[in-house]
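Down below is the structure, laid out as structure tokens.
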Amino acid sequence: MDYQEQRKEELYSQVIPAGKRRYFFDVKETRGGDKFITITESRKLFDNKTGEFYIDKNKMFLYKEDFEKFRKGLENALSFIETGVEPEPVVPDDFFRREDTDARLDEIDFKF
């Protein structure tokens, strides 16, 4: 994909400077016409071994079917920070009824 094609699929971009970090919010479009968001965190770090700075990037893709759940989760987190009151969790209506799920929640090891 050349630079022109890459720019064509990018519909909107916003950079948020935040100290040593930069947050990039980019709206893009799939070939099928669906819009999605990429959120990129970019940090300038120093490598003690080489004595040089480098850029560390972390990217997340957010698709339209998840926009509302993501928005609600972010609102819940911000509300908790402001009020200290734990909001109701964001759980899809069919979360506990999904047929494609082989494991039950109590059988999942959440340790990382």
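The chain is numbered in sequence order, starting from 1.
When all heavy atoms are compared, the tightest approach of Asp26 to Gln14 is OD1-N, 4.3 Å. Shown here for Phe67 and Lys35, the closest heavy-atom pair between the two residues is CZ-O, 4.0 Å. For Val90 against Gly73, the heavy-atom pair with the smallest separation is CG2-N, 3.7 Å. Scanning all heavy atoms of the two residues, the minimum distance from Phe80 to Pro87 falls at CB-CD, 4.2 Å.
Side chains of Phe25 and Ser13 form no contact here, defined as non-hydrogen atoms less than 4.5 Å apart. For the pair Glu52 and Asp47, the minimum side-chain heavy-atom distance is 4.5 Å or more.
There is no side-chain donor-acceptor pair under 3.5 Å between Tyr12 and Glu10.
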query = Step by step, would you call Arg43 with Arg21 a side-chain contact (heavy atoms from CB on, under 4.5 Å)?
reply = CA-CA 5 Å; Arg43 301 182 300 158; Arg21 292 180 168 84; 3.5 Å; yes
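Rounding to the nearest 0.5 Å places CZ of Phe24 at 10.0 Å from OG1 of Thr38. Taken from OG1 in Thr40 to CD1 in Ile16, the straight-line distance is 12.5 Å, to the nearest 0.5 Å. Between the NZ atom in Lys64 and the CD1 atom in Ile37 there is a gap of 12.5 Å [rounded to 0.5 Å]. In this structure, Lys20 NZ and Ser42 OG are separated by 13.5 Å, a value rounded to the nearest 0.5 Å.
Annotation for Glu88: atom CD does not count as buried by contact number, only 12 or fewer foreign heavy atoms lying within 6.0 Å. Within a 6.0 Å sphere centred on CD of Glu65, heavy atoms belonging to other residues, nucleotides or ligands number more than 12.
Tracing side-chain contacts under 4.5 Å through hydrophobic residues (I, L, V, M, F, W, Y), one never reaches Ile55 starting from Val15; they form parts of separate clusters. If you chain together hydrophobic residues whose side chains sit under 4.5 Å apart, Ile39 and Val27 fall into the same group. Residues Tyr23 and Met60 share a single hydrophobic cluster, defined by chaining ILVMFWY side chains whose heavy atoms lie under 4.5 Å apart.
Between Glu41 and Lys57 there is no salt bridge, since no side-chain nitrogen of the basic residue lies less than 4.0 Å from a carboxylate oxygen of the acidic one. Taking 4.0 Å as the cut-off between side-chain N and carboxylate O, Arg71 and Glu75 count as a salt-bridged pair.
Cation-pi check for Lys28 over Phe36 is not met; the charged atom does not lie both under 6.0 angstrom from the ring centroid and within 45 degrees of its normal.
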